[in-house]
Number of protein chains: 4
Amino acid sequence: MIKAGIIGATGYAGGELARLLMAHKETQIIWFGSKSYIGQQYYEVYRNMFEIVDAACLEDNMDKLADEADVIFTATPQGLCASMLNDAILSKTKVIDLSADFRLKDVAVYEKWYGIRHKAPQYIAQAVYGLCEIYREEIRRSRLIANPGCYTTCSILTLYPLVKAGLIDPKTIIIDAKSGVSGAGRGAKVQNLFCEANENCKAYGVAGHRHTPEIEEQLSYAGGCGVTLSFTPHLIPVNRGILVTAYASLQAGPSGMPGKEEIRAAYKAQYGKERFVRILEEGICPETRWVEGSNYVDINFAIDERTGRVIMMGAIDNLVKGAAGQAVQNMNLLFGLRESEGLEAIPLFP
Amino acid sequence: MIKAGIIGATGYAGGELARLLMAHKETQIIWFGSKSYIGQQYYEVYRNMFEIVDAACLEDNMDKLADEADVIFTATPQGLCASMLNDAILSKTKVIDLSADFRLKDVAVYEKWYGIRHKAPQYIAQAVYGLCEIYREEIRRSRLIANPGCYTTCSILTLYPLVKAGLIDPKTIIIDAKSGVSGAGRGAKVQNLFCEANENCKAYGVAGHRHTPEIEEQLSYAGGCGVTLSFTPHLIPVNRGILVTAYASLQAGPSGMPGKEEIRAAYKAQYGKERFVRILEEGICPETRWVEGSNYVDINFAIDERTGRVIMMGAIDNLVKGAAGQAVQNMNLLFGLRESEGLEAIPLFP
Amino acid sequence: MIKAGIIGATGYAGGELARLLMAHKETQIIWFGSKSYIGQQYYEVYRNMFEIVDAACLEDNMDKLADEADVIFTATPQGLCASMLNDAILSKTKVIDLSADFRLKDVAVYEKWYGIRHKAPQYIAQAVYGLCEIYREEIRRSRLIANPGCYTTCSILTLYPLVKAGLIDPKTIIIDAKSGVSGAGRGAKVQNLFCEANENCKAYGVAGHRHTPEIEEQLSYAGGCGVTLSFTPHLIPVNRGILVTAYASLQAGPSGMPGKEEIRAAYKAQYGKERFVRILEEGICPETRWVEGSNYVDINFAIDERTGRVIMMGAIDNLVKGAAGQAVQNMNLLFGLRESEGLEAIPLFP
Amino acid sequence: MIKAGIIGATGYAGGELARLLMAHKETQIIWFGSKSYIGQQYYEVYRNMFEIVDAACLEDNMDKLADEADVIFTATPQGLCASMLNDAILSKTKVIDLSADFRLKDVAVYEKWYGIRHKAPQYIAQAVYGLCEIYREEIRRSRLIANPGCYTTCSILTLYPLVKAGLIDPKTIIIDAKSGVSGAGRGAKVQNLFCEANENCKAYGVAGHRHTPEIEEQLSYAGGCGVTLSFTPHLIPVNRGILVTAYASLQAGPSGMPGKEEIRAAYKAQYGKERFVRILEEGICPETRWVEGSNYVDINFAIDERTGRVIMMGAIDNLVKGAAGQAVQNMNLLFGLRESEGLEAIPLFP
């Protein structure tokens, strides 16, 4: 059994990790870390866990945890993992960080967008970006995984094959994303109260959301060129789910403008054998409800002949493929387990 | 592998059955029956099933299905199962009926409350009421299971121990129940449109809901006396979940009026070893979110000293413990499997 | 023009008061009081008010406000109004208190249920309970109005006529109430976050909610006898709305058990000429959506012949008739205006 | 008093028209037309209208209605108004058509996008596009108003000033719109059931939605050149509200690339005196909740320096400014009333 510890187990992503790991056959959770609930039974924080988890919350002490755990998940605010990480920890255990601390390769970009000093830039180089469908082999060989963000997972997977195949003009990429409220975390803020988010829709972080450089960096690798794009997140009144609608101009290749067959072929070439990516049938748009509670990414596209653009769409459950599910998928790769172990839940509907 | 067929696989309860059975290790679904979608791929009806189910919908033909299936689930409107059932079917296969056709032992009561003629009263006697926590042994020996309704499962399990122990006065029982909209089915009716049910709450079927006699019959068995009670269902804007709030006057026993210890003891005596019933800690009220997606029933109570009443509360997921999950639990009993096989999903939150 | 000041203008009830008073032809708001937002533009707190309200939030200073205002509304937590009120204020202005400070005539009951010392018991006697349909004449002659709570308004109006007419047995009254989340206020608490309240239903304050004695006191006046009852509030995922479902045993009078005609007659006798009470047609259950945004109370009942009970149902918008609308109705009475002035909005649907 | 008739009064837009006109001081509704509810009391269809409207539904007979009404509103499916309209009707009354029949000047475009033959192309030329902020004077002189669609109203008003001022490149316009479910109407369809739309988000009509040519036509007039754009509608789980997020590349003028001052100035030049358009303060994003129940359009923008794009955002209530409110605004213009008469409701929050 793999001994797993969770730093930040009482946030929404941490709670989802606990749910997935409790059902994972090869894993045992030995540490439910929490800043706010130390000493309380975990089920008092998440009462779905009553009679399922019998453990009290422990402090967020990564050094101590490293002595006991085979893998540590950090589901904590930006900066915390970097502030705690050290060589001793990495020599003893593997770390899957769900925060942004090790996602960006350029520390200056991190410090600019997040507005904080990076506390452990020396580990950035060895960290592997934990998008399993893209970096599967690198993940297997790593000790430190930078688990991608929710918006970024959905955005990158939706756009990657077409950027890589050169079918769209990277300069024209616009991503309009819609997220459920759990993406905002469990902090008690007026703006996330039921009566504020219910019956409402708004954009936020316009032209400045922190997930932008992460998407740009990965798509730059895909395209082999610098990608600068527009990314606009929106809040919609659902618990879970991210829907990405992305726009780009089609780009002519040697044989002219790409048609729907070429675009579909590019998606199939990238994802044809992927367990968790479903390329939908022609004409079917992804919907967040069809992936809820699961690790799936549903993807499709439509060509707008009138404007020469392709509209790409992707849907995930932000807490699963966008956070905890992907973290478990990474753990499975790190430990040589079946990649889908513990992640085979069928989407829940309705 | 148990070969299972579903008559009525395209309603919400049928869809949930498909989800649970697809994840069940000992079962294979060989028949997705449907009245409306014959010939269509099942995943075209429920796109969460894309790349998971590869089968077309077949007709609702129980005779033919009986030749192939070890167990037939009927998730169909009242009257349909009774109209199709016959000796040949029952000699070849086991039947778990999710409709009300075989729940009431008195055919006159059925015909009065449902307003239809019972087509197969000859099978009522042998049908076992499929409330596993109460009729476990009878279920194991049966071929025909009358799977309880959603309101009734939650109501009966919440009240049963106190009625049985004689701690409450059966003449004073009032049940106020709140249900998510999936309980109304997938039929296209104006009253169930999003804009009609959203941001709304209403009672319906007041003083005449069809689940009333089913609750009364079971509690009469528990109490050893005829029970007549008030039952009021309400519609609330959630997809899943039933919350029952039940009221009754405490009844003095030989040692005076029962206190909270005696009431708790009665619940523990009935459910102490039950896998799917959680008696919550004192002061904690059941909430539908803590059981969502799972087969759990969460139960608790509070004593109102001022009025001499006990307020009993129970919460279930109407599609799981209130329909498909309980049907699978019944199947497990029928086939001698572990009772929780395929039902161990941890409640999903948020 | 009546000059009105609002102490606590930035909570949900205060915000609704501002909305109603801005549209009221005879009133001018001269003071938007707030503890948390002093100095900020009111529209920065409630952006629906952009280009409608051009005023900064002022402190919650009742003494100073009394010099300027004809009427002061206090939409503040329990205890605050009582702690600020004094003879000078009452000599200069009229006060409509939306908190519980002056609703209960017995100060001991107040102190027991609210767990705080009453700071101004000397004003309790002169305060009039501001349920306009019951105390219209007393309100007209008063200077200090105790505006009823949301649950209590709906509960009392639903039950009052039958208790008064002696048609139900007061000892058997059970009130099961369901409330939208705005009733919990705008405070940043985890339990009221979108992801906690959405897709959920729960009871709370079982056998101990503070609105209980207020309902009991008023129904005791109606029945001419002490009434002790069970009251259970529930939280449902809607912004606005309270639905009350109340149960009681019918009580025989000189001419036997009351039938539906007598019950309807009792309601009509009490409310036949009321502008804001709608007795629905037979068989139609009140729904919160049909009163949303309006000052209406929709009421109906059903007789359960089998149990000898009557089920009474009432629906209001908790922020209008349950708080700010009723406060404006009280103000209209206090100043001799048309009672419906500023309250004639038609319910918004959907 | 203006005598108004509504053809299609029992759909959501028709219901909202009834609500607004009942509260309008200069108007009397003399005809509640309906295809499905002829003979039923109007309040039986919309029970918010109980004790407010006392009239039975009449047939959708425009000829007969023209003899009695000063103005006819048609809130009916595409094609119906065109099929009923004739010279006699237009000689006797004024017509405000809420369908698409007279919005597009080019009948071939209409027939292509709507897939039906236009039944009355002879009236297209005289019809005025009823976007009051743009065509105020033409509306005043007209007899036949083509009331704009909900997506189009929000899209056009959000983009118009920048296209007109030449500040953005029309070839780069992308509109990503999110709509509440009431936009889909009150028809009983599975896809609009509560359990299908709740907790979900999806795009639909991608690269082919019928509102596209209407937006293009109006923006072409603004820019003085043909505009072809991408428009993607999405369904979000709210009753009311449309949020438009639009993207375009900034276009250099004689004095270089436009900055935020020039863009703000363009908005102010167009809308500075408009009663129902609110240009929000810098940094504040429009949210649908801040306009709910009102005729407001909230607009703002952000410049994305990194990509050279401007992100434009607009929010309306789809049933008010996007349908019935705008129709009343048009009526006010047609009859020389104050433009805001009957439309001064403050947005409802929460």
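Labels below follow one simple rule: chain letters A, B, ... track the order of the sequence lines, proteins then strands, and each chain is numbered from 1.
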Supply the atom-to-atom distance B:Leu319 CG to A:Leu348 CG, rounded to the nearest 0.5 angstrom.
-> 8.5 Å
Starting at CG of B:Asn239, measure out to CZ of A:Phe349 and round the result to the nearest 0.5 Å.
-> 7.5 Å
If every non-hydrogen atom of A:Phe50 is compared with every non-hydrogen atom of B:Leu280, which pair is closest and at what distance?
-> CD2-CD2, 3.7 Å
Could you look at B:Glu344 and say if it's the side chain, the backbone, both or neither that has a heavy atom under 4.5 Å from chain A?
-> neither
What part of A:Glu292 is in contact with chain B, defined as an atom under 4.5 angstrom from a non-hydrogen atom: side chain, backbone, both or neither?
-> side chain
Toward chain B, the part of A:Ile52 with a non-hydrogen atom under 4.5 Å | side chain
Scored by heavy-atom pairs under 4.5 Å with chain A, the best of B:Arg278, B:Met22, B:Glu51, B:Met49 is B:Arg278
Are B:Arg47 and A:Glu281 ion-paired here, with the side-chain N under 4.0 Å from a carboxylate O?
-> yes
Would you confirm whether B:Arg19, through its side chain, and A:Pro347, through its main-chain N or O, come within 3.5 Å as a donor-acceptor pair?
-> no
Hey, what's the ring geometry for B:Trp290 with A:Tyr46, parallel, tilted or perpendicular (30° and 60° as the breaks)?
-> perpendicular
Stepwise, does the side chain to side chain donor-acceptor pair (under 3.5 Å) test hold for A:Asn198 with B:Glu199?
-> CA-CA 10 Å; A:Asn198 186 39; B:Glu199 293 294 293; 2.8 Å; yes
